[in-house]
Amino acid sequence: MTTRSISILGATGSIGASTLDLIRREPGKWRVVALTANCQAAELARLAREFSAEVAVVADESCLPELREALAGSRIAAAGGAGALVEAAARPADITIAAIVGCAGLAPTMAAIEQGGTVALANKEALVSAGDVMIEAVRRHGTTLLPVDSEHNAIFQCLAGNDPAHVRSITLTASGGPFRDWSAEQLAAATPAQAIRHPNWDMGAKISVDSATMFNKGLELIEAHHLFPVGLDKLRIVVHPQSVVHSMVEYRDGSTLAQLGPSDMRVPIASCLAWPARMDTPCDPLDLAALGELTFRAPDEQRFPATRLCRQAAEAGGAAPAVLNAANEVAVAAFLAGQIPFSRIAVMVEATMTRYTPPAPTSLAEVFGVDTEARAHARELLELA
Ligand code: NAD
Ligand code: MG
């Protein structure tokens, strides 16, 4: 068996855990280079020891002493801070799983891209913010970018062996989130606890709120626009409550290819880990007869304006998606902290986008500039509210 080296950025999160679960099942196959977390020093140290990582990094430097202590007596290097995170991501690895949440993952993800191996991207906010700057880096460094996000992984699989010129449309499926059938009045009173209880997927808090607002699907539309450049007018969204069909590609001859699977992120992650081959996962096989029916409906942009805002940002291009993403991150954090009601998230994002329209960033530094400035605008709006 050939050994492959792997780094996991965001190892203590939901995607990180699913990735490590798969790696654990292939003893001897994987050599772990870097594992990172924001803080969670004890958990990170435990994982680093279990997988004999070369280096464990906490982004929050104040957590480094705890990490050092937890790794004392091991041969694992401990590091902390933004620079250490980027350095760890730049270490050579055959594959890097980019699974930090938010724009906080952008710098290390770019470092992994510049290192030139394979990058399996879960961290959609990084691609939404950096857009062309990231895609250009992927091209320049000859990096293989594989989508972990289940919809994009599905599309990637449905496009294999086909000429994108023959694509008539690409349809992203959306579960609709926990508030799919809620009225506008109910949505106004939705609590953080209700928002993070997703019916089909077990995920981190931020993406769970994004699923509830439908910003997740909107961010995914922008993500798809960069990963599969067939034109925005060919990208659709359909609500599919069962989350079994993960997305579809329709071709000019009327054939639609779809990828189906259980609602378990280990399936798309395995597809990235083994690509272009296949590997086993412990997931139960799909039992369509037991499922009985699969249903589909159009999204409701009255109750859930997020997809409309994201499409507008994608159409505007330039800095607009980075502004939208930054405002959404601020608004989601404020909602989770009990500072704003659920329905204000989209209102705040739209207001930030109207207020702040900077020129298109052409470098990573400029993307960070837009992100920082957009956050300041969003926070100001928060105070005005
Ligand atoms: P999570 O909150 O469970 O984990 C996030 C990870 O990032 C943790 O390891 C955390 O320590 C780390 N982190 C958080 N803030 C950080 C910071 N400021 N600096 C450095 N590291 C930081 O999130 P998740 O659900 O695993 O999602 C991770 C990414 O994958 C997100 O971009 C999400 O949209 C995407 N994604 C997740 C799922 C899913 O099912 N969970 C599916 C598709 C895409
Ligand atoms: Mg998804």
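All figures in this text were calculated on a predicted structure; none of them were measured in a lab. As the structure lists them, so they are numbered: ligands from 1, and atoms in each ligand from 1.
The aromatic rings of Phe296 and His240 lie parallel to each other, with less than 30° between the two planes, well short of the 60° mark. Between Tyr356 and His377, the two ring planes are parallel [angle under 30°; tilted spans 30° to 60°].
There is a side-chain donor-acceptor pair under 3.5 Å between Asn153 and Ser271. Asn325 and Lys124 form no side-chain donor-acceptor contact under 3.5 Å, judged by distance and modelled atom types alone. In the model, Gln40 has no side-chain atom that pairs as donor or acceptor with a side-chain atom of Asn38 under 3.5 Å.
Counting non-hydrogen atoms of other residues, nucleotides and ligands closer than 6.0 Å to CD of Glu26 gives a total above 12. Annotation for Asp280: atom CG does not count as buried by contact number, only 12 or fewer foreign heavy atoms lying within 6.0 Å.
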Go ahead and list the nitrogen or oxygen contacts between ligand 1 and the protein that come in under 3.5 Å, distances to 0.1 Å, or just say none.
from: ligand 1; atom 1: 3 (O); to: Ser14; atom 2: N; distance (Å): 2.9
from: ligand 1; atom 1: 9 (O); to: Gly10; atom 2: O; distance (Å): 3.4
from: ligand 1; atom 1: 9 (O); to: Thr12; atom 2: N; distance (Å): 3.3
from: ligand 1; atom 1: 9 (O); to: Thr12; atom 2: OG1; distance (Å): 2.7
from: ligand 1; atom 1: 9 (O); to: Gly13; atom 2: N; distance (Å): 3.1
from: ligand 1; atom 1: 11 (O); to: Thr12; atom 2: OG1; distance (Å): 3.3
from: ligand 1; atom 1: 11 (O); to: Asn38; atom 2: N; distance (Å): 2.8
from: ligand 1; atom 1: 11 (O); to: Gln40; atom 2: OE1; distance (Å): 3.1
from: ligand 1; atom 1: 11 (O); to: Gln40; atom 2: NE2; distance (Å): 3.4
from: ligand 1; atom 1: 25 (O); to: Gly204; atom 2: N; distance (Å): 2.8
from: ligand 1; atom 1: 26 (O); to: Ser14; atom 2: N; distance (Å): 3.1
from: ligand 1; atom 1: 26 (O); to: Ile15; atom 2: N; distance (Å): 2.9
from: ligand 1; atom 1: 30 (O); to: Ala122; atom 2: O; distance (Å): 3.4
from: ligand 1; atom 1: 32 (O); to: Glu125; atom 2: OE1; distance (Å): 2.7
from: ligand 1; atom 1: 41 (N); to: Ser14; atom 2: OG; distance (Å): 3.2

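Per residue Glu220, closest N, O or S atom to the Mg ion (ligand 2): atom name OE2. If you look at Glu151 and ask which of its N, O or S atoms sits nearest the Mg ion (ligand 2), the answer is OE1. Of all the N, O or S atoms in Asp149, the one closest to the Mg ion (ligand 2) is OD1.
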